[in-house]
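Along the sequence shown, residues are numbered consecutively beginning with 1. Note that the structure is a prediction, hence the values are computed from the model and not measured.
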Amino acid sequence: MATVTVTTEKFDEVAQGDGIVLIDFWAAWCGPCKRFGPIYEQAAERHSDLVFGKVDTEAEPELSERFGNASNPTLKVIRDGVIVYAEPGALPEPALENIIEQVRALDMDDVRKRLADQSG
């Protein structure tokens with residue numbers, strides 16, 4: 001599956017559903033983004049059951065601000081509407097694959113319980 005462009009208007013629709021959604025916050029002027037882009041695109045082709053979104057931070061500054069992104073690229077991984085990974089920096093292919101494997105293996109009931117416990 002190819003990546004999808006995510007806009008402010010489409011973000012909640014894309015990110016709040018069931019399943020795993022990866023969001024790459026990037027900018028055209030960003031050197032590390034240019035290196036990470038092909039790795040991300042190839043992962044999207046390999047994992048057609050996942051949603052791979054891209055947010056152009058220049059075109060969608062509201063989304064970047066909403067999530068407190070301080071640098072590009074930043075990868076956010078959402079599973080069943082819960083952000084389970086959020087880190088800046090370009091990842092090598094093995095690291096991205098490792099993150100995908102770990103997110104697939106998560107027990108989301110446990111994740112929600114831990115979040116509820118942290119909330120008080």
query: What are the two closest non-hydrogen atoms of Phe67 and Ile83, and how far apart are they?
result: CE2-CD1, 3.7 Å

Shortest non-hydrogen contact from Glu97 toward Ala43: OE2-CB, 4.0 Å

task: Before giving the answer on salt bridge (Lys or Arg N to Asp or Glu O under 4.0 Å), spell out for Arg114 and Asp107 the whole-Å C-alpha distance, their side-chain angles and the decisive distance to 0.1 Å.
output: CA-CA 11 Å; Arg114 288 177 191 226; Asp107 176 340; over 6 Å; no

- prompt: Would you say the side-chain atoms of Lys10 pair up with the backbone N or O of Thr5, donor to acceptor, closer than 3.5 Å?
  reply: yes

- request: Would you please name every residue forming a ring-ring contact (aromatic ring centres under 6.0 Å, His included) with Phe36, sequence neighbours left out?
  value: Tyr40

field: Reported CZ-to-CD1 distance for the pair Phe11 and Ile23, which is rounded to 0.5 angstrom
entry: 5.0 Å

- prompt: What's the verdict on salt bridge (Lys or Arg N to Asp or Glu O under 4.0 Å) for Asp117 and Lys113, showing C-alpha distance, side-chain angles and the deciding distance?
  reply: CA-CA 6 Å; Asp117 291 348; Lys113 182 182 180 311; 3.1 Å; yes

query: What's the shortest heavy-atom distance between Asp56 and Ala27, and which atoms?
result: OD1-CA, 4.4 Å

- prompt: So, do Val4 and Val51 sit near enough that their side-chain heavy atoms are less than 4.5 Å apart?
  reply: yes

task: Please round to the nearest 0.5 Å and tell me the distance separating atom CZ of Phe52 and atom CD1 of Ile20.
output: 9.0 Å

- request: Using the test side-chain contact (heavy atoms from CB on, under 4.5 Å), find all partners of Asp80 that sit at least two apart in sequence or belong to another chain.
  value: Asp18, Met108, Arg112

- request: Check whether any side-chain heavy atom of Leu63 sits under 4.5 Å from a side-chain heavy atom of Thr57, and report yes or no.
  value: no

- request: Provide the full list of side chain to side chain donor-acceptor pair (under 3.5 Å) pairs with a residue in residues 25-38, sequence neighbours left out, each pair given once.
  value: Trp29-Glu58

message: Please check: side-chain N/O of Glu60 versus main-chain N/O of Thr7, any donor-acceptor pairing under 3.5 Å?
response: no

- prompt: Rounded to the nearest 0.5 Å, what separation is found between the CG atom of Leu22 and the OG1 atom of Thr3?
  reply: 11.5 Å

task: Could you tell me whether a side-chain N or O of Ser48 sits under 3.5 Å from a main-chain N or O of Glu45, the two making a donor and an acceptor?
output: no

field: Under 3.5 Å donor-acceptor, Arg79 side chain and Val84 backbone
entry: no

task: State, to 0.1 Å, how close Cys33 and Asn72 come at their nearest heavy-atom pair, and which atoms those are.
output: SG-CB, 3.5 Å

task: In sequence, state the C-alpha distance, the side-chain angles, and the governing distance for His47 and Asp49, and then conclude on side-chain contact (heavy atoms from CB on, under 4.5 Å).
output: CA-CA 5 Å; His47 300 281; Asp49 59 319; 4.0 Å; yes

field: Sequence-distant partners of Arg66, side-chain hydrogen bond (donor to acceptor under 3.5 Å, both in side chains), two or more places apart
entry: Asp12

message: Working to the nearest 0.5 angstrom, can you tell me the gap between Leu75 CG and Ile99 CD1?
response: 6.0 Å

- line: Tightest non-hydrogen contact, residues Gly37 and Lys54, listed as CA-NZ, 4.5 Å

task: Please name the pair of heavy atoms, one in Ala15 and one in Ile78, separated by the smallest distance, quoted to 0.1 Å.
output: O-CG2, 3.4 Å

Steps toward side-chain contact (heavy atoms from CB on, under 4.5 Å) verdict (Leu96, Ile39): CA-CA 8 Å; Leu96 180 58; Ile39 293 167; 4.1 Å; yes

- request: Using the salt bridge (Lys or Arg N to Asp or Glu O under 4.0 Å) rule, collect all pairs that involve residues 68-78, keeping only residues at least two apart or in two chains.
  value: none

In a table with atom names and distances, give each donor-acceptor pair under 3.5 Å that connects a side chain of residues 86-93 to protein atoms at least two apart or in another chain.
residue : atom : partner : partner atom : Å
Glu93   : OE2  : Arg46   : NH2          : 3.4

